Amino acid sequence: MSSRTLPLLFINLGGEMLYILDQRLRAQNIPADKAKKVMNDIITTMFNKKFLEELFKPQELYSKKALRTVFDRLAHASIMRLNQASMDKLYDLMTMAFKYQVLLCPRPKDILLVSFNHMDAIKDFVKDTPSILSQVDETYRQLIEMYTPLSSGEFQLIRQTLLIFFQDMHIRVSIFLKDKVQNSNGRFVLPTSGPVPHGTQVPGLIRYHSKELLSLRPRQRRVSVHMYQIEALISRPDELSYGVINIQATKDQQANAELAKIMGEFTESGDQSPSVSNKGDDLLAMMDGL
Amino acid sequence: MYHKEKSIQIKNSASALYNNLSVLRIAPRRLTHFTVVHANMVNMVSASWDGLNYTHRQLQSKEPNVATSTSLIMQAAFCVLPSRDLLVVTSQKGIQMYESDGSIMVYWHALDTPETPTAQAVFARGIAAVYENYICVGVSSGAILVFDVPSKGSNITLSEVLEEHKESITDMASECSGSQECIANLVTADDGGNLCVWKSGEEFQLLNKIPGFDMSCSSVKLWKGTAVAGYGTGQIRLYEAVTGILHAEINAHARWIYSVDIAPFSGLLLSAAEDSLVRVWHMTITPETNSVEVAHLHNECVTDTQICGARFCDGDGYAFAVTGYDLSEIIRYIQS
């Protein structure tokens with residue numbers, strides 16, 4: 001399917017992994033300097049120039065096994081060691097979290113915003129290390145360059161490719177279960193209420209365009225099409241109420257200019273993008289709970 | 001208006017692909033075939049009308065040259081022609097055509113896939129049987145391949161390549177089984193929401209181009225000269241095909257539409273989207289007076305499911321079937 005899916009898959013899964021590792025390191029009271037070194041080492045490996053060059057080339061997605069190997073290696077790119085069971089749990093968490101985000105994106109293009117959220121968090125982890133920060137910034141630029149010109153149809157193809165990759169994965173995650181975003185059968189809850197995405201109208205209206213009314217209004221003859229609206233007799237469920245959720249603003253000054261321009265294209269009131277911040281304590285509980 | 005019937009279990013879950021359900025009703029044998037795509041496989045179920053017999057079959061995508069790499073299937077659809085029925089399966093590698101029970105592959109057409117992958121994906125998608133003996137298939141480049149199908153046997157040939165669309169084909173539909181005089185009998189849709197209207201023949205004739213608004217049209221049907229198109233914005237639009245006049249816009253769904261279907265004898269319209277809803281509408285189209293009316297009749301919500309396929313099981317719309325991403329069943333509804 002889409003040959004541009006792999007960078008997004010890798011960066012988002014990587015971002016999830018880093019959130020979880022960051023929390024784990026803090027939960028185990030690893031000294032700050034050691035923890036920082038672990039995070040820096042992993043991020044340096046993740047954003048290795050040659051690796052990313054390969055990644056950004058048009059290609060099919062890696063198989064599940066191959067991708068798991070990539071993340072096994074990445075997780076061991078520092079002095080930190082995970083046993084098999086921990087690595088399995090980490091990978092399950094990462095994949096279910098990103099599956100959730102992909103599934104719930106109101107529009108396919110929102111996957112790019114989710115990716116930017118992850119990139120922002122990664123930048124925050126390495127903000128004190130200029131050499132790694134510049135690598136991350138370069139990748140940010142590449143993402144923007146590669147994905148912002150794509151149409152919504154092309155993004156939907158990317159999304160469909162990702163969904164095939166995540167097909168049939170129903171691992172239960174305790175924090176998702178607790179927050180009732182996942183059912184006990186492992187399937188995610190899809191809300192049927194809330195704001196419609198930018199570009200979509202709230203269902204309910206049927207609009208007819210008719211030429212016939214011209215004959216009733218002689219002065220309107222210059223108008224080639226007369227438009228009138230009919231409210232369709234759709235019984236609208238009470239839950240289809242309006243609400244506005246704004247996309248979380250980035251805290252990083254550097255990306256602001258670029259992101260403001262891009263977000264200006266995507267954002268209108270009513271946009272909603274799954275939030276991935278404030279997961280710290282929740283992720284901690286998640287790891288403990290598994 | 002409709003109530004849920006017993007679901008049919010399938011061997012794999014449905015993939016998130018447009019129009020991911022095809023139905024073929026075989027009255028003489030009192031059974032109905034259903035096909036659902038899962039990654040690189042087509043799940044086929046033949047259900048007897050008495051509800052007692054279910055036969056399963058799985059068709060894999062074909063790889064004539066490369067042994068190992070996977071080839072994902074984009075769509076599987078039954079094509080009903082006056083002389084025969086075929087099952088057409090389109091993938092990243094090419095187009096396969098089977099006898100309608102999936103027993104024998106009668107034709108294979110390979111797409112030009114480059115040595116190293118390009119940024120533009122390569123695949124075939126969009127399938128329609130067109131009067132009198134053509135099967136049309138869309139390609140990711142925007143080209144439409146027209147195949148000439150003899151009434152028997154495997155001597156299927158590529159008769160024409162129509163190059164009008166500039167973006168990937170998403171879906172196509174035809175009407176006119178030859179019983180009525182039709183001006184247009186094929187409509188094709190692409191990722192930019194553009195629709196092309198054609199008349200079939202030894203050389204297909206382009207009758208009209210209806211521009212999109214950069215919003216993908218994922219599913220399209222043609223009925224009484226009206227193109228009914230479902231879009232990624234959740235809107236359905238009804239255009240007079242030959243003139244391109246917009247008759248009606250329906251703000252139908254809160255998310256991307258994945259499937260629209262029409263029951264030609266009753267004028268019922270079925271729409272399904274990622275918002276978990278299947279909606280049934282009724283269209284009254286009078287070509288002579290140029291009038292179009294749409295009434296909303298019924299909703300079904302498939303909880304926690306992004307719907308990827310919805311089809312009427314018969315020409316009157318007495319029953320319809322639904323598939324959803326990650327769901328290993330075909331959900332059925334019949335009129336109460």
Side-chain angles (χ1 to χ4, degrees), chain A residues 1-4 57-61 63 103 106-108 146 151-170 183 185 187-197 199-212 225 230 232-235 237 240, chain B residues 12-13 15-18 38-39 69-70 72 74 92 116-123 167-168 170 190-193 214-216 218 232-235 245-256 274-277 279 289-296 299 301 303-306 325-326 328:
Chain A
M1 305 240 311
S2 176
S3 56
R4 289 185 265 234
K57 286 189 184 154
Q59 60 194 301
E60 294 295 317
L61 280 188
S63 70
L103 203 55
R107 304 171 307 164
M146 179 145 142
S151 67
S152 47
E154 285 167 306
F155 262 105
Q156 181 65 283
L157 189 68
I158 289 173
R159 183 170 175 277
Q160 291 174 342
T161 312
L162 287 169
L163 287 177
I164 290 180
F165 185 83
F166 290 126
Q167 193 140 4
D168 301 323
M169 290 176 79
H170 302 296
N183 295 317
N185 61 6
R187 289 163 189 277
F188 290 117
V189 173
L190 297 185
T192 47
S193 62
V196 289
T200 295
Q201 305 292 319
V202 174
L205 190 73
I206 299 177
R207 180 184 285 125
Y208 297 116
H209 299 245
S210 165
K211 286 193 289 194
E212 288 200 321
V225 172
I230 291 179
L233 297 171
I234 298 177
S235 51
L240 277 183
Chain B
N12 304 110
S13 55
S15 290
L17 298 163
Y18 302 142
H38 170 92
S69 66
T70 55
L72 294 172
M74 305 299 291
Q92 291 177 283
T116 47
T118 51
Q120 158 83 316
V122 176
F123 56 82
E167 297 176 70
S168 298
T170 45
D190 70 27
D191 242 354
D214 267 329
M215 176 37 74
S216 187
S218 39
T233 49
Q235 206 182 51
I245 292 172
L246 176 61
H247 280 309
E249 292 172 88
I250 312 171
N251 294 340
H253 289 276
R255 294 283 188 275
W256 203 285
E274 283 176 0
D275 63 0
S276 306
L277 286 167
R279 299 201 200 263
T289 57
N290 250 319
S291 76
V292 167
E293 251 180 62
V294 182
H296 174 246
N299 296 323
C301 180
T303 314
D304 300 332
T305 304
Q306 295 194 344
Y325 169 65
D326 256 354
S328 303

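Proteins come first, then strands; the chains are lettered A, B, ... in the order of their sequence lines, and each starts at number 1. Note that the coordinates shown come from a computational prediction; the quantities given were computed from them, not determined experimentally.
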What part of [X] gets closer than 4.5 Å to chain A, counting heavy atoms only: side chain, backbone, both or neither?
| X | result |
| --- | --- |
| B/Thr305 | backbone |
| B/Thr118 | backbone |
| B/Asp326 | both |

Would you kindly say whether B/Gln92 and A/Glu60 are connected by a side-chain donor-acceptor distance under 3.5 Å?
yes
Taking every non-hydrogen atom, the tightest pair across B/Glu274 and B/Gln306
O-CG, 3.5 Å
Return the option, out of [options], with the maximum number of heavy-atom pairs under 4.5 Å with chain A.
| options | result |
| --- | --- |
| B/Leu246, B/Leu277, B/Val292, B/Asp275 | B/Leu246 |
| B/Ala39, B/Ser328, B/Gly234, B/Ala121 | B/Ala121 |
| B/Ser15, B/Ala248, B/Gly192 | B/Ser15 |

Residues two or more places apart in sequence or in another chain: which of them pass side-chain contact (heavy atoms from CB on, under 4.5 Å) with B/Ser218?
B/Tyr18, B/Trp256, B/Ile257
With a 4.5 Å heavy-atom cut-off, do A/Met1 and B/Leu17 have their side chains touching?
yes
I'd like to check the salt bridge (Lys or Arg N to Asp or Glu O under 4.0 Å) partners of B/Asp191; sequence neighbours left out, ordered by chain and number.
none
Please state whether the side chain, the backbone, both or neither of A/Ser152 comes within less than 4.5 Å of a heavy atom of chain B.
both
Pick one of side chain, backbone, both or neither for A/Leu157, based on which atoms fall under 4.5 Å of a heavy atom in chain B.
side chain
N/O donor-acceptor pair under 3.5 Å between A/Tyr208 side chain and B/Ser291 backbone
no
Distance-only, no hydrogens or angles: does the B/Asn251 side chain make a donor-acceptor pair with backbone N or O of B/Gln235 under 3.5 Å?
no
Picking from A/Pro108, A/Ser151, A/Pro58, which has the most non-hydrogen pairs under 4.5 angstrom with chain B?
A/Pro58
Most heavy-atom pairs under 4.5 Å with chain B, out of A/Arg159, A/Gln59, A/Glu154, belong to A/Arg159
